[in-house]
Visitor: 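One structure follows; several queries about it will come next.
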Amino acid sequence: MGTVALPRARELSFAGRLGYRLRHGPLHLVILLICLVWMVPTLGLLVSSFRPPSLVATTGWWTAIAPPFRFTLENYERVLTTNNMAQSFVNSLFVAIPATAMPILIAAFAAFAFAWLEFPGRQWLFLVVVGLLVVPLQMTLIPVLRLFTALGLTGSFLGVWLAHTGYGLPFAIYLLRNFFGALPREMLESAYLDGAGPWTVFFRLVLPTSVPALASLAIFQFMWVWNDLLVALVYLGGQPSVAPMPVTISNLVNSLGQDWQLLTAAAFISMALPLLVFFALQRYFAHGILAGSVKS
């Protein structure tokens, strides 16, 4: 009896898999085509960034993918050595890394308090934080700039760190508070019964179990800060010694209108590190976002 049922089960399993593929095949094909169409402009920019200027001006990028191949690193060399892109890359690191770590650290403490600590006005204060999510960033530029000018923080990395921290805190607190609030209450209560204090619970239990939320928040904050032009331009200015990559690239658009292949090289230099961060943390991304969005 067992020898007869096994092939039948395998046949049903194969039929089920085949039926699933037939039902969902068109959807997968449409998604694949959309991804390919979405990638074509990026592929064109990538190919153009490695082409000599003479060929860029006379032929389309698609002609470069057929023999004879003529690629060069001249565009990247010119951008890095003569257009201040190397210094701007370092400046972007000085801006993005602290401006990512500071709001996440502060938001983690605040979110733990909102989720698990009892204090007067907790719910009302959290509503205020959520309400700050809808305040346009542009409304704060002039007041904050006047404050930074009075304190001597304009044109300094500290000023832009504080600005990005303030702008990123509402979303960071909201996301982490929802994730922390979804943790099992029994886990925290057992730790308190064993004599652990709030600091021990926070550092030994809450943070290690919240890595997906912290990683997804780090992706959001890092990419926003790395690609930001408005905040950097207002609080840092366009001085080459402190200008991050978005400011430098915006200046190149005006000065290199005819040599746009250099702009493609600059764009891919700017994209390299965010792509690395995303692919390094992508396995935490979906889980962290979903866990932080279903609990209010």
Side-chain angles (χ1 to χ4, degrees), residues 96 98-148 151 153 158-225 228 230-231 235 281 284-296:
T100 299
M102 290 169 62
I104 292 178
L105 179 62
I106 298 173
F109 285 109
F112 178 71
F114 283 127
W116 294 107
L117 301 183
E118 297 290 341
F119 56 90
R122 182 182 65 165
Q123 297 298 333
W124 288 105
L125 186 57
F126 182 69
L127 288 177
V128 171
V129 173
V130 174
L132 292 175
L133 289 170
V134 300
V135 176
L137 181 151
Q138 292 79 3
M139 291 180 57
T140 67
L141 294 179
I142 294 178
V144 174
L145 182 60
R146 295 181 62 181
L147 177 62
F148 282 2
L151 297 176
L153 295 177
L158 178 59
V160 78
W161 294 343
L162 295 176
H164 279 302
T165 299
Y167 295 140
L169 273 177
F171 176 74
I173 293 175
Y174 175 75
L175 178 67
L176 293 181
R177 184 263 184 186
N178 292 341
F179 193 95
F180 291 172
L183 296 176
R185 178 177 293 272
E186 295 79 8
M187 179 180 68
L188 276 70
E189 290 178 346
S190 61
Y192 285 124
L193 290 176
D194 290 338
W199 289 99
T200 303
V201 171
F202 177 73
F203 285 106
R204 297 293 183 88
L205 290 179
V206 175
L207 287 185
T209 55
S210 303
V211 171
L214 296 173
S216 60
L217 180 58
I219 292 175
F220 271 122
Q221 183 69 12
F222 182 86
M223 290 190 173
W224 177 60
V225 175
D228 170 74
L230 180 61
V231 174
Y235 299 128
L281 301 178
Y284 300 111
F285 184 72
H287 179 59
I289 293 300
L290 291 177
S293 61
V294 297
K295 185 179 178 64
S296 59

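The basis for the numbers below is simple: all heavy atoms, side chains too, and nothing from hydrogens, waters or symmetry mates.
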Visitor: Contact between R122 and L117 at the side-chain level, heavy atoms closer than 4.5 Å - yes or no?
Guide: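 When only atoms from C-beta onward are counted, L117 and R122 do not touch, as no gap falls below 4.5 Å.
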Visitor: So which heavy atom on Y192 is nearest to which on G197, and how close?
Guide: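 Where Y192 meets G197 most closely, the heavy atoms are CE2-C, 4.0 Å.
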Visitor: L176 and I104: which non-hydrogen atoms are nearest, and at how many Å?
Guide: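 Taking every non-hydrogen atom into account, CD1-O, 4.2 Å.
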Visitor: Of all the heavy-atom pairs spanning L169 and P103, show the shortest one and how long it is.
Guide: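 Nearest pair, atom of L169 first, then P103: CD2-O, 3.5 Å.
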Visitor: Are any non-hydrogen side-chain atoms of Q123 and L127 less than 4.5 angstrom apart?
Guide: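 Counting from C-beta outward, Q123 and L127 never come under 4.5 Å.
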Visitor: So which atom in A115 and which in R177 form the shortest heavy-atom distance, rounded to 0.1 Å?
Guide: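 Looks like CB-O, 4.0 Å.
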Visitor: For a side-chain contact (heavy atoms from CB on, under 4.5 Å) check, start with the C-alpha distance between V160 and D228, then their side-chain angles and the critical distance, and finish with the verdict.
Guide: CA-CA 11 Å; V160 78; D228 170 74; 5.8 Å; no
Visitor: Apply side chain to side chain donor-acceptor pair (under 3.5 Å) to S190 and list each qualifying residue two or more places apart in sequence or on a separate chain.
Guide: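 Applying side chain to side chain donor-acceptor pair (under 3.5 Å) to S190 gives none.
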Visitor: Between F114 and L125, is there a side-chain heavy-atom distance shorter than 4.5 Å?
Guide: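 Result yes, sub-4.5 Å side-chain heavy-atom pair found.
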Visitor: Kindly indicate whether the side chain of L214, heavy atoms from C-beta on, has any atom under 4.5 Å from the side chain of F179.
Guide: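 L214 does not reach F179 side chain to side chain.
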Visitor: Looking at I142, I'd like to know if its CD1 atom is crowded, meaning that more than 12 non-hydrogen atoms belonging to other residues, nucleotides or ligands lie closer than 6.0 Å.
Guide: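 Atom CD1 in I142 is not packed in, count stays at 12 or less.
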Visitor: Taking atom OG1 of T100 and atom CG of L105, what is their separation to the nearest 0.5 Å?
Guide: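 Interatomic distance, T100 OG1 to L105 CG, rounded to 0.5 Å: 12.5 Å.
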Visitor: Stepwise, does the side-chain contact (heavy atoms from CB on, under 4.5 Å) test hold for W124 with V128?
Guide: CA-CA 6 Å; W124 288 105; V128 171; 5.8 Å; no
Visitor: CG/L153 to CH2/W161 distance, rounded to the nearest 0.5 angstrom?
Guide: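 So the CG of L153 and the CH2 of W161 are separated by 11.5 Å.
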Visitor: Work out which heavy atom in A96 is nearest to a heavy atom in V225; give both atom names and the distance.
Guide: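 Between these two residues, the closest heavy atoms are CA-CG1, 3.6 Å.
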Visitor: Where the side chain of W116 meets the backbone of P198, is there a donor-acceptor pair that is under 3.5 Å apart?
Guide: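 No: the side chain of W116 does not pair with the backbone of P198.
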Visitor: Are L183 and L205 close enough that some pair of their side-chain heavy atoms sits under 4.5 Å apart?
Guide: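 No, too far: nothing below the 4.5 Å cut-off.
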Visitor: Mind checking whether F220 and F171 have parallel, tilted or perpendicular rings, split at 30° and 60°?
Guide: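 Perpendicular: the ring planes of F220 and F171 meet at over 60°.
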Visitor: Any side-chain heavy atom of S216 sitting closer than 4.5 Å to one from L175?
Guide: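 Yes. Closest side-chain heavy atoms under 4.5 Å.
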Visitor: Hey, is CZ on R146 packed in by over 12 heavy atoms from elsewhere, all under 6.0 Å?
Guide: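 Result for CZ/R146: open.
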Visitor: On the 0 to 90° scale, with breaks at 30° and 60°, tag the W224-H164 ring pair as parallel, tilted or perpendicular.
Guide: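 Perpendicular: the ring planes of W224 and H164 meet at over 60°.
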Visitor: Measure the shortest side-chain to side-chain distance between V144 and Y235 over non-hydrogen atoms and say whether it is less than 4.5 angstrom.
Guide: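 The answer is yes; the side chains approach within 4.5 Å.
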